[in-house]
Amino acid sequence: MPPSLIVHGGAWDIPDDAVEACKIGCQRALEAGWTVLSSGGHAMDAIEAAIMALEDDPVFDAGYGSHLNLDGQVECDAIVMDATTLRAGSVAGLHRIRNPIRLARAVLEMCPHMMLIAEGAERFAAQHGIALCDPENLVSPAEREAWLRCSKDSHAAEHHRGHEQGTVGAVALDVHGRLIAATSTGGTCCKLPGRVGDSPLIGCGCYADAETGGVSSTGYGEAIMKVVLAKTACDFLRPATSTPDRAAQAAVQLLANRGKGTGGVILLDKRGKPGFAFNTPRMAYGYVAADASFITGV
Ligand code: ASP
């Protein structure tokens, strides 16, 4: 089976001056994941490599450089899901994990539960060889500056729009037909401490089912939850007449109509065919085309 990979770096009103950095970030994530997939590696390793590249890039809202919450702290959520087993590993409310995707994977592979939060999740990380970091080390200068600007003006919404991009996600299919999807985020900027969005919720921020495909969502979490966006997009892949792009578009249409929200999805169908859609001004995305060339866009 030919491998396949698609990634995103968030769907928002990405400002002009961040477009190039978002494209480069998606390109790097494709390179990291494709190195694994093209040499016959496991989709889970490809997902971890791709998402870590995005988490480490401060232009994206995940890992280092995440948006700060109202208290001025980074608070991350992440999920990874295996389409074959329908098992997920999900983590939320993390303050001390540099690469939340690594912890989500550890939960999927080594925990009897599928979702851990806050201190309990960080304790599980420490027990499974994932180092805890100083919370300050997750704060980028740009996000601190943006947070200070927001704080000085009672967190007026117009400040948030300028630095809202971008949750990250990826879906990979390997040569053995293993399909994995994942999402990682710092959540919305200046969120209430303790707020958990759609991203780490199975079926909302991410879903993967070998009978349909794998999806990662991004956008306004409170609306995405209403329509269980990722699972809904997977279900839209089920009819024989559906195509990946049409399924993605139908899911985003539902997000707009019933959820009254904005956002986007990336997906691979069960054979690895990519599709995506968004109803925000922009979404950062990248995928590997059938001729193995990398396509990125914002
Ligand atoms: N969906 C994320 C959340 O609400 C934000 C995003 O996708 O940018 O936490």
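Quick note: residue numbers are just sequence positions, from 1. Whatever order the structure lists them in is the order used to number ligands and atoms, beginning at 1.
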Item to check | Under 3.5 Å: N/O of Ile224 near N/O of ligand 1 | outcome: no
Next on the checklist: Using a 4.0 Å cutoff against the non-hydrogen atoms of Asp198, which atoms of ligand 1 qualify?
Outcome noted: 1 (N), 2 (C), 3 (C), 4 (O)
Next on the checklist: Over 60° means perpendicular and under 30° means parallel, so tell me whether Trp34 and Phe294 are parallel, tilted or perpendicular.
Outcome noted: perpendicular
Checklist entry - Has ligand 1 got any nitrogen or oxygen that is less than 3.5 angstrom from a nitrogen or oxygen of Ser217? => result no
Item to check | Test item: side-chain donor near acceptor, Ser199 and Thr167, under 3.5 Å | outcome: no
Checklist entry - Under 4.0 Å from any heavy atom of Gly187, which atoms of ligand 1 are there? => result 9 (O)
Checklist entry - Excluding sequence neighbours, so at least two apart, what forms side chain to side chain donor-acceptor pair (under 3.5 Å) with Arg258? => result none
Item to check | Where Asp245 and Gly275 come nearest, the two heavy atoms and their spacing | outcome: OD1-CA, 3.2 Å
Next on the checklist: Using a 4.0 Å cut-off to any heavy atom of Trp12, which atoms of ligand 1 qualify?
Outcome noted: 6 (C), 8 (O)
Item to check | Atoms of ligand 1, numbered as shown, that sit under 4.0 Å from any heavy atom of Thr167 | outcome: 2 (C), 5 (C), 6 (C), 7 (O), 8 (O)
Item to check | Minimal non-hydrogen separation, Leu5 against Ala29, with atom names | outcome: CD2-O, 4.4 Å
Checklist entry - Can Asp291 and Ser293 be counted as having a side-chain donor-acceptor contact under 3.5 angstrom? => result yes
Checklist entry - Mind checking whether Gly10 has a heavy atom under 4.0 Å from ligand 1? => result no
Checklist entry - Which of the atoms in ligand 1, numbered in the order shown and given with their element, are less than 4.0 Å from a heavy-atom of Thr218? => result 6 (C), 7 (O), 8 (O)
Checklist entry - For Gly219, is the nearest heavy atom under 4.0 Å from an atom of ligand 1? => result yes
Next on the checklist: So if I apply the side chain to side chain donor-acceptor pair (under 3.5 Å) rule between His67 and each of Lys191, Glu75, Glu143, which one comes out positive?
Outcome noted: Glu143
Checklist entry - Can an N or O of Thr185 be found at a distance shorter than 3.5 Å from an N or O of ligand 1? => result no
Checklist entry - Pairs in or reaching into residues 179-209: which pass ring-ring contact (aromatic ring centres under 6.0 Å, His included), with residues at least two apart or in two chains? => result none
Checklist outcome for this item: So for Arg195 against ligand 1, with non-hydrogen atoms under 4.0 Å, the contacting part is side chain
